[in-house]
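Quick note on labels: first sequence line is chain A, next is B, and so on, each numbered from 1.
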Number of protein chains: 2
Amino acid sequence: MVAPSLRARVRAGMIDEIKAVARRHLATDGANLSLRAVARDMGMVSSAIYRYFPSRDDLLTALILDAYEALGDAVEAADASTDRADLRGRWHAACRAARSWALAHPAEYALLYGSPVPGYAAPDDTVAPAQRPPVTLVGILRDGVAAGLLAPSGEELPEPLRSDVAELAALLAVDLPPALLARGMAGWTQLFGLISFELFGRINRTLPHRDEYFDHQTGLMADLIGLPAA
Amino acid sequence: MVAPSLRARVRAGMIDEIKAVARRHLATDGANLSLRAVARDMGMVSSAIYRYFPSRDDLLTALILDAYEALGDAVEAADASTDRADLRGRWHAACRAARSWALAHPAEYALLYGSPVPGYAAPDDTVAPAQRPPVTLVGILRDGVAAGLLAPSGEELPEPLRSDVAELAALLAVDLPPALLARGMAGWTQLFGLISFELFGRINRTLPHRDEYFDHQTGLMADLIGLPAA
DNA sequence: TTTCGTCAAGAGCACTGCTCTCGGTTTTGA
DNA sequence: TCAAAACCGAGAGCAGTGCTCTTGACGAAA
């Protein structure tokens with residue numbers, strides 16, 4: 001373990017600064033960020049950026065990866081800082097954390113969950129961080145079943161579907177009855193829809209009390225799952 | 001009512017052809033469609049397009065309006081062609097119609113429900129057509145209550161939220177108890193999330209039986225709403 | 001028939017992502 | 001220690017973009 005050379009350190013600093021400037025541009029200009037513009041902001045020439053990122057898409061990928069990690073951190077931290085036995089409280093905390101992060105970083109959220117950039121294909125590095133929020137959510141269900149706080153209803157899925165969802169459980173590394181996992185996925189799907197609707201402004205020019213609406217909607221899904229209050 | 005002049009007719013034809021070519025480009029290149037490319041495809045020069053659409057955003061707006069109407073037509077037709085008393089069947093039919101349209105026109109769906117184009121602000125003409133799918137869905141609930149097939153649970157929303165949702169009911173012109181409308185909105189939100197996840201490919205490289213998964217997920221929301229089978 | 005509105009074409013501007021070359025600096029290894 | 005290799009920023013240049021403006025031709029209306 002040798003200390004990184006001076007050159008490597010300034011290089012890492014440059015990469016961080018480029019990403020920071022790019023994030024700033026992202027917030028104002030949306031997904032079509034201009035390499036030349038960030039280069040200008042850094043007092044550089046556009047071609048110099050290519051020393052650090054081989055293409056614009058690679059810069060976007062780096063930003064996407066960072067954003068996934070930040071969102072995953074926020075959701076996991078919110079869940080972790082809630083009483084383990086309070087399943088419903090954990091659910092609400094995780095959902096609120098995702099929403100708060102999205103409201104604080106709308107452009108980055110759009111990058112993660114908006115329509116995919118046309119030519120751009122997300123590399124495989126992104127799938128693991130992308131799964132952290134849903135894994136956290138279904139992890140609450142897993143803990144609930146393990147602790148006996150969440151009784152599996154005994155409901156069974158019809159067959160082509162049951163094994164599909166069972167495979168999904170294996171992929172997410174959660175040991176859950178398929179029917180319950182399906183309900184958890186419904187909650188995750190609705191959470192994404194809620195945030196997207198609020199952020200992309202398609203819904204509710206009315207609905208001024210958005211916090212209350214959000215909590216109620218996520219509470220409905222907690223009901224559907226059967227999460228008990230503390 | 002005079003017959004439109006020849007000139008007006010060829011002009012209308014040109015507008016239609018431009019939109020058709022643009023839709024084709026949209027399908028392959030995504031949201032960043034090039035005016036010059038569609039002009040090339042039509043054997044024209046880019047500046048000629050501006051005789052018909054004052055800017056690229058106006059072309060996009062026209063495509064968006066058409067897409068909203070097409071999606072609205074599909075959802076409403078599916079609902080209308082189902083036995084009025086079969087609330088659950090109508091719900092499933094409307095949801096399936098939305099999904100089918102989205103799968104058949106992924107680029108246009110992304111235009112409607114993906115991340116908003118940065119500089120672009122949707123004009124007010126779009127809000128009415130955009131509301132047709134959710135209005136159709138909550139219309140099923142309204143019919144159910146009116147026909148006595150869907151019993152309001154008597155559940156009441158806490159106050160800041162209750163009047164918000166009541167206002168939303170007035171805006172959507174559906175006479176529904178707020179608590180029930182909130183559940184309907186949850187269903188609409190989840191439907192959007194389901195389609196987006198499937199279309200934008202973030203979810204389930206596994207889950208090969210997507211039709212069954214979709215039906216089960218929308219069925220869960222029908223359960224949450226309390227829609228009875230036929 | 002003449003005038004007026006419409007049309008396609010072309011040149012041009014400012015911008016984009018990206019490539020390549022050219023000097024200058026830093027790190028590396030013999 | 002010193003030359004070779006790697007790295008870095010600047011600049012020119014290419015192909016493409018949205019958009020504006022001007023020019024000349026055509027058809028419909030007065």
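The residue I49(A) sits apart from the nucleic acid: no heavy atom pair falls under 4.0 Å.
Side-chain atoms of D58(A) and T61(A) form no donor-acceptor pair, as typed in the model, at a separation below 3.5 Å.
The residues R96(A) and D215(A) are annotated as salt-bridged, a charged nitrogen and a carboxylate oxygen being separated by less than 4.0 angstrom. A salt bridge links R132(B) with D73(B); the closest basic N to acidic carboxylate O contact falls under 4.0 Å.
At whole-Å resolution of the value, CD in E17(B) and P in dA8(C) are 11 Å apart. For the pair F53(B) CZ and dA8(C) P, the computed distance is 13 Å after rounding to whole Å. For the pair R9(A) CZ and dC8(D) C1', the interatomic distance rounds to 17 Å; values are reported in whole Å. Rounded to a whole Å, the CE atom of M42(A) is 9 Å from the P atom of dG9(D). Residue L60(A) contributes atom CG, which lies 12 Å from atom C1' of dG17(C) at whole-angstrom precision. Here the P atom of nucleotide dC19(D) and the CG atom of D57(B) are 7 Å apart, to the nearest Å. Distance, D29(B) CG to dT17(D) C1': 13 Å, rounded to whole Å.
The side chain of R56(B) approaches dC19(D) more closely than any other nucleotide in the set dC19(D), dG17(C), dT17(D). Checking dA8(C), dC18(C), dA10(D) against every side-chain atom of S46(A), the shortest atom distance belongs to dC18(C). When distances are taken from the side chain of M44(A) to each of dT16(C), dA10(D), dA8(C), the shortest belongs to dA10(D). Of the candidate nucleotides dC20(C), dA8(C), dA9(C), dA8(C) has the atom lying nearest to any side-chain atom of M14(B). In the set dT16(C), dT21(C), dC18(C), the nucleotide with an atom closest to the side chain of Y50(A) is dC18(C). Here the side chain of R51(B) is nearest to one of dC7(C), dT17(D), dG9(D), namely dC7(C). With dG9(D), dA8(C), dC18(C) as the choices, the nucleotide that has an atom nearest any side-chain atom of L35(A) turns out to be dC18(C).
For the OP1/OP2 pair of dC7(D) and a distance below 4.0 Å, the side-chain nitrogens and oxygens of Y52(A) include no atom meeting the criterion. Look at R11(B) and you'll find a side-chain N or O under 4.0 angstrom from OP1 or OP2 of dC7(C). Look at R36(B) and you won't find any side-chain N or O under 4.0 angstrom from OP1 or OP2 of dG10(C). Dashed line: the shortest gap from a side-chain N or O of S34(B) to OP1 or OP2 of dT17(D) is under 4.0 Å.
Note on ring orientation: taking the six-membered ring where Trp is involved, the planes of F197(B) and F192(A) are parallel (angle under 30°, cut-offs 30° and 60°).
Below the 3.5 angstrom threshold, one finds a donor paired with an acceptor across the side chain of S47(A) and the base of dG11(D).
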